[in-house]
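Letters A, B, ... mirror the listed sequences (proteins, then strands); counts begin at 1. Keep in mind that the numbers below use all heavy atoms, side chains included, and drop hydrogens, waters and symmetry copies. Every value quoted in this text rests on a predicted model; they were computed, and no experiment measured them.
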Protein chains: 2
Amino acid sequence: MATLDDVARRAGVSTATASRIINGSSKPVSAALRDRVEAAVADLHYVPNAHARQLAGSGRTAVGVVVHDVSDPYFAEITRGLQRVATTDGRLVIICNTYRDPARELDYVELLRAHQVAAMVLAGSGYHDVAFARSLRGKLRAYELSGGRVAVIGRHDRTGDAVVPDNESGGFMAGEHLYALGHRDIGVIAGPRNLTTTTDRLTGLRRAARTHGRPAPKVAYADFDRDSGAAATGDLLSTHPRLTAIAALNDSMAVGALAFLRDVDRRVSVIGFDDMPIARDVTPALTTIRLPLADMGAQAMSLALSPASPDPRVERVPATLVERASTFPPDR
Amino acid sequence: MATLDDVARRAGVSTATASRIINGSSKPVSAALRDRVEAAVADLHYVPNAHARQLAGSGRTAVGVVVHDVSDPYFAEITRGLQRVATTDGRLVIICNTYRDPARELDYVELLRAHQVAAMVLAGSGYHDVAFARSLRGKLRAYELSGGRVAVIGRHDRTGDAVVPDNESGGFMAGEHLYALGHRDIGVIAGPRNLTTTTDRLTGLRRAARTHGRPAPKVAYADFDRDSGAAATGDLLSTHPRLTAIAALNDSMAVGALAFLRDVDRRVSVIGFDDMPIARDVTPALTTIRLPLADMGAQAMSLALSPASPDPRVERVPATLVERASTFPPDR
DNA sequence: ATCATACGGGAAAGCCCTTGCCTCAACCCA
DNA sequence: TGGGTTGAGGCAAGGGCTTTCCCGTATGAT
């Protein structure tokens, strides 16, 4: 691999001059030298070593993102938003998939710190786990102490910049919608219990039940993916055959529920959460609670890239109901 | 940020020793020193600087991936496969989204080279553009000369390791399926003309038409995304009202076509391509040509991580027909 | 008691850049 | 003509780490 030395030698200048020309430094350089250096760069297919540059230079340029899984549409959308603003800012984005493993999450935070990223955005690391939270806080603090910036998406046991979707009222709205349609007994397909996203949405749903004087919803836990959603729907319906509506805590599971209901040919209302792109294309089109995922990602990245502020900034993101065809009054 | 020096000083050893302990070098070190160093690391929240490490050390550790857009399910699946094998190998994956901009693709190749990645996988950079191909080849050659490994997914004007899906016969199978059902006149919703994916699939479709002695399919070009697929369906149907079947060159556009047809309440067969996860959940469930996307990603990464071989290895990936409910005989 | 052999540990040479500081010339004004 | 600017470019000091020697010391063999 050609180095700056090679370029400088070939152009007959010092590495200092070559470096200045290559980086478009403000120091004036004669046109002749500039040409020679540029020719040398082209001839040698020279590309500056990013690591050396990072070591020698001052600014950190990359940013990191930690998500559960980019191939999950939920995180794909968030990531899209994140990337848009990071790229606009000319930054390399390092994406890390934890696959919902808290340990991996911790490792990635270290890894990103090791890579001297300028900022990191944590999406979906709201676990109910005291030891995890403490460890994470420690690592993040160490990182921030060294000048790193952190923004999280979702609720966290941590003070700092954050974009937090209003999951609780989203859950409430979902329940409200179903009860208003006349459902009395509803089931919930929840995500993993240790995620705050799950518990927050569930809390909203329960509040809606209380508000309407209805029995607490029946809950089955699944994994936020389609197939587990389908399976949980089966469980729920066999245990509680009288349910007339199901609230899934994300759209993937709602899609699974829909598939299951179609298979067993039952007519039950289903409401999802997130409004992923495909929600409108399933049949019946999915009623869901929308979260502006791409915007949330963009906001989080903006926070992370802006200078640290003395007091933490928290952007609350409202959820909205999107009515489509998958919810309807109960058959009597 | 604490450095190795800090750790060494605190533990009362040399940086050499500290480094050896931290990296689990094979050199024997007394237990006492090991404990002291480990304590120092913990106290200081020390994390080795990845850049310095890369500079000083020998092995390159990261790998790069260039895709059109991770949030597109097609690439999301491929990426998932890629990551699985890269992570197993303990490597950091840098994902770059070109958003179908060839210039950006070129830039990213440079960037990955600058970051000294051990290998890179290019997915979806098959453009019909001589200048682009030449430039890309040049950059890749320079990279390989410096020891980098490259694997591509899809057809390329380039000899080298590759995983190439059999798009042509996939297209043929799609056509075959429709003609066998009795359709005479079919329309095609194609992707961007400058992508080999588009042209290869189209070629297969045309061959099927010839084989069955049918007129060449009518083509409308779109962008591989849902909405453009829906729009193109409208165009196609207004220009050629007698079409009884539509082949979309990917599932996203097929979903768009389905949506359009539902809106205008027309019954037309639709076949997609790729078999993305949601294909089975739309209504009617989408008949499609499956490509094992995650496996393809995994294969490509395996190729890229394996030592360079004298003659290029090309893994051909067969496409298979998945029959669901969206294709049926024409109404007479 | 002597010599060879491990073994544990340190000194220091890079890895490839950026950048502060310095030098040298040419140039200006007085 | 002399002193002060200014413009162009080079020297060399890091930046944080790995790794190759190299050197004592304790161990074993003779």
- Message: For H51(B) and H115(A), take the angle between the two ring planes, folded into 0 to 90°, and tell me which bin it lands in: parallel under 30, tilted 30 to 60, perpendicular over 60.
- Response: perpendicular
- Note on the structure: Atom CE of M1(A) and atom C1' of dC16(C) are separated, to the nearest Å, by 11 Å
- Query: Rounded to the nearest Å, what distance is computed from the CG atom of residue D5(A) to the P atom of nucleotide dC17(C)?
  - Reply: 8 Å
- Query: When the distance from CG of L55(A) to P of dG16(D) is rounded to whole Å, what number comes out?
  - Reply: 7 Å
- Message: Could you tell me how far apart R20(A) (CZ) and dT19(C) (P) are, to the nearest whole angstrom?
- Response: 9 Å
- Query: If you measure only the distance, is there a donor-acceptor pair under 3.5 Å linking the side chains of R313(A) and S306(A)?
  - Reply: yes
- Message: Nearest whole Å is fine: how far is dC16(C) P from H51(A) NE2?
- Response: 12 Å
- Query: Hey, is R9(B) close enough to D6(B) for a salt bridge, meaning N to O under 4.0 Å?
  - Reply: yes
- Message: For DNA chain C, which residues of residues 6-19 of chain B approach it to below 4.0 angstrom with any heavy atom?
- Response: V13(B), S14(B), A16(B), T17(B)
- Could you check if a side-chain atom of R80(B) sits within less than 4.5 angstrom of a side-chain atom of D69(A), using non-hydrogen atoms only? yes
- How close or far is atom C1' of dC15(C) from atom CD of Q54(B), stated in whole angstroms? 10 Å
- How about L122(A) and L136(A): do any of their side-chain heavy atoms sit closer than 4.5 Å? yes
- Measure across Y46(A) and T3(A) and return the closest heavy-atom pair with its distance rounded to 0.1 Å. CE1-C, 3.5 Å
- Query: Does any donor atom in the side chain of N23(A) or R53(A) lie under 3.5 Å from an acceptor atom in the other side chain?
  - Reply: yes
- Query: Expressed in angstrom and rounded to an integer, what is the separation of I21(B) atom CD1 from dT18(D) atom P?
  - Reply: 12 Å
- Message: Regarding E77(B) and R84(B), does a basic nitrogen lie under 4.0 Å from an acidic carboxylate oxygen?
- Response: no
- Message: So, using salt bridge (Lys or Arg N to Asp or Glu O under 4.0 Å) as the criterion, who are the partners of R10(A) when residues are at least two apart?
- Response: D43(A)
- Item | Nucleic acid contacts of residues 29-46 of chain B, taken as heavy-atom distances under 4.0 Å to DNA chain C | V29(B), S30(B), L33(B)
- Item | Spacing between N23(A) atom CG and dC16(C) atom P, to the nearest angstrom | 17 Å
